[in-house]
Amino acid sequence: MTAPGIRVGASAGDTDDDLDVEEALALVREPREPREFGKGATGSQALPPTTQSGDAHDGPSAHQHRATPWPQAREIAARAARSGARRAPVSVPLADALGLALASPLDALTDLPSFDTSAMDGWAVAGPGPWDVREEGVLAGHAQPESLTDGEAVRIATGARIPADTTAVLRSEHGRIDAQGRLHPTREVVHGQDIRPRGQECRSGDQLLSVGTLVTPAVLGLAAAAGYDNVTVVPRPRVEVLILGDELLTEGLPSEGRIRDALGPMLPPWLRALGAEVTAVRRLGDDAKALYKAITSSGADLVVTTGGTASGPVDHVHSTLERIGAELLVDSVKVRPGHPMLLARTQQNQHLVGLPGNPLAAVSGLLTLAEPLLRTLAAHPAPEPYAVPLAEATHGHPYDTRLIPVVLRGDVAVPLHYNGPAMLRGIAAADALAVVPPGGARQGQETELLDLPWAAAGIEVCFT
């Protein structure tokens, strides 16, 4: 767990930082006993109240000191899924493997190509020209053709089997037929030209791709060419989404103090874009009994809740996790928006991410805790971090990291307005989220970016 006073991602505006990033992460990697609900350093009831749900620039409370620094929270989430939480590999048809990670090496089941083939349309020729041309040509997909003798040629199509004793393939544009029907080259013929010899790409048994390779359309093509009908992959993590809040409407205009549910429509496709299989979306309202039953009966690898992570009169997530004896891994994060997010281990092979109820705060929790955990469960590689200069100075929180929607314009990131915890107008137009350190960032300062799933690929690709 996070020790009081550990700070990560320090800037000049964060004067009480004690450790740098590497020192703090080194502490995280040391074996530690997970904290159980209600048990502090003395074993007494010591759960801190979680009251900071907005994005105000308030001072550091005792709870803020116990909150986990943002980079460390992401590391904890990624590491939590490494110990016994991943499902067993499965064999799936090629059509179902896109976006999954290989769980076993892709070894060639045959030589590629599996026979000598023509690389071009033209003539297979034997010996020096000119050549007498056979009447019947050789097409792809046919059995082994008759061998050639010196001075003989035969029309051949790309991909067709090469006749035995062929010297070279003469491209169509590099030969001419005279009045007597004989073939003449129009440029020098080199032995073996435009012939793909058997095993040129690989031999049977060669490793083509290693474990952990992400299955892309090109990987599917290679697997098919190498003789595969099925591949062994890490299955998609199963996620169940629990929507909390009596005030939420599922249709129509907000009225009489009730608001439209934005997270129900947004979270399932976003989780699918992160590689998850969403098994259910359930609306529970503010019912502690229903929440307890839903968590304890879930067979998902990850349960995601929305709202109820603070200490209001109908915020039941903490008390429910305490009741089931869950291990609290992250209890609030030094990030705005989204401070009162949490991560718990509910079973050896199941975790729960509690997202704040405000929409942009929930996005922050999704990218801070759910994305690293799902990435590890799916055996996907971590994206390479990168930074881009900010087009303008950006205000920060005095003590916490801020995640701000930005659009990319050339080689700079332009911060967007409408970035409050309850707002989605900014993120809906964004390419990424800028990770603004405590104290803010000046114009031109390089700032880490978190790509949004649809920014790097088409929606139809990343949401399948």
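These numbers were taken from a predicted model, which means no experiment stands behind them.
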Counting heavy atoms not belonging to Gln144, are there more than 12 under 6.0 Å from its CD? yes
Check: Leu109 main-chain N/O paired with Tyr228 side-chain donor or acceptor under 3.5 Å: no
For the residue pair Ala225 and Leu112, what are the closest heavy atoms and their distance? O-CD2, 3.2 Å
Please name the residue in the list Leu242, Leu244, Ile243 that meets the side-chain contact (heavy atoms from CB on, under 4.5 Å) test with Arg283. Ile243
Charged N to carboxylate O below 4.0 Å: is that the case for Glu371 and Arg375? yes
Tell me the closest heavy-atom pair linking Trp131 and Pro185, and the distance in Å. CZ3-CD, 3.6 Å
Indicate whether any N or O donor in one side chain lies under 3.5 Å from an N or O acceptor in the other, for Asp121 and Thr158. yes
Determine whether a donor-acceptor pair (N or O, by modelled atom type, separation under 3.5 Å) exists between the side chain of Arg87 and the backbone of Arg236. yes
Donor-acceptor pair, Ser147 side chain versus Ala164 backbone, under 3.5 Å? no
Should we count CZ of Arg260 as having more than 12 external heavy atoms under 6.0 Å? yes
List the residues meeting side-chain contact (heavy atoms from CB on, under 4.5 Å) with Asp111, not counting sequence neighbours, and say none if there are none. Arg198, Arg203, Ser204
Set out, in order, the CA-CA distance, both residues' side-chain angles and the distance that settles side chain to side chain contact (heavy atoms under 4.5 Å, CB included) for Val317 and Leu342, then state yes or no. CA-CA 9 Å; Val317 174; Leu342 63 84; 4.0 Å; yes
Looking at side-chain heavy atoms only, is the closest gap between Asp431 and Val406 below 4.5 Å? no
I would like to know whether Thr394 and Arg402 meet side-chain hydrogen bond (donor to acceptor under 3.5 Å, both in side chains); could you show each step before the answer? CA-CA 10 Å; Thr394 304; Arg402 281 194 74 194; over 6 Å; no
Leu352 side chain near Thr305 side chain, heavy-atom distance below 4.5 Å: yes
Indicate yes or no: at least one non-hydrogen side-chain atom of Thr186 is less than 4.5 angstrom from one of Glu173. no
On a heavy-atom basis, which atom in Trp123 and which in Gly175 lie closest, and how many Å separate them? CZ3-CA, 3.9 Å
Are the side chains of Arg74 and Leu450 in contact, using a 4.5 Å heavy-atom criterion? yes
Would you say the side-chain atoms of Asn419 pair up with the backbone N or O of Leu416, donor to acceptor, closer than 3.5 Å? yes
Scan side-chain atoms only and decide if Asp178 and His184 contain a donor-acceptor pair under the 3.5 Å cut-off. yes
Would you indicate whether the side-chain heavy atoms of Val388 and Thr447 approach each other to under 4.5 Å? no
As an exercise, state the distance from NE2 of His174 to CG of Asp194, rounded to the nearest 0.5 Å. 8.5 Å
A quick test of your reading: do over 12 heavy atoms of other residues, nucleotides or ligands sit less than 6.0 Å from OH of Tyr386? yes
Measure the spacing between CG of Leu366 and CG of Leu271 and express it to the nearest 0.5 Å. 5.5 Å
Leu343 side, atom CG; Thr368 side, atom OG1 - distance, nearest 0.5 Å: 11.0 Å
Determine, step by step, whether Val215 and Leu220 satisfy the side chain to side chain contact (heavy atoms under 4.5 Å, CB included) criterion, reporting the C-alpha distance in whole Å, the side-chain angles of both residues, the deciding distance to 0.1 Å, and the verdict. CA-CA 7 Å; Val215 178; Leu220 293 176; 3.5 Å; yes
4.5 Å side-chain heavy-atom contact, Gln445 and Pro437: yes
Tell me whether Gln200 contacts the main-chain N or O of Pro197 through its side chain, where contact means a donor paired with an acceptor under 3.5 Å. no
Matching residue for Val138 among Ile162, Val154, Thr166 - test: side-chain contact (heavy atoms from CB on, under 4.5 Å): Val154
Could you grab the distance from atom CD1 of Ile156 to atom CZ of Arg171, nearest 0.5 Å is fine? 14.0 Å
How many angstroms lie between OG1 in Thr279 and CD in Glu240, if you round to the nearest 0.5 Å? 5.0 Å
In short, Val239 meets Ala276 closest at the heavy-atom pair CG2-CB, 3.5 Å
Quick one: pull up OG in Ser364 and CG in Leu355 and give me the separation to the nearest 0.5 Å. 9.5 Å
With a 4.0 Å cut-off on N to O distance, would you call Arg196 and Asp116 a salt bridge? no
Can you name the nearest heavy-atom pair linking Thr167 to Ile195, along with the distance? O-CD1, 4.2 Å
Residues Glu327 and Arg345 bridged, charged N to O under 4.0 Å: yes
Do Pro163 and Pro145 have side chains that get closer than 4.5 Å, going by heavy atoms? yes
Check: Gln443 side chain, Ala391 main-chain N or O, donor-acceptor pair, under 3.5 Å: yes
How about Thr68 and Gln72: does a side-chain donor come under 3.5 Å of a side-chain acceptor? no
How far apart are the C-alpha atoms of Leu106 and Thr213, what are their side-chain angles, what is the distance that settles it, and do they pass the side chain to side chain contact (heavy atoms under 4.5 Å, CB included) test? CA-CA 9 Å; Leu106 192 75; Thr213 300; over 6 Å; no
Hey, is the main chain of Gln347 close enough, under 3.5 Å, to the side chain of Gln350 for a donor-acceptor pair? no
With a 4.5 Å heavy-atom cut-off, do Tyr418 and Leu424 have their side chains touching? no
Going through the checks in order, is the side chain to side chain contact (heavy atoms under 4.5 Å, CB included) test met by Leu374 and His380? CA-CA 9 Å; Leu374 288 171; His380 288 180; over 6 Å; no
Taking every non-hydrogen atom, the tightest pair across Thr309 and Pro340: OG1-O, 2.7 Å
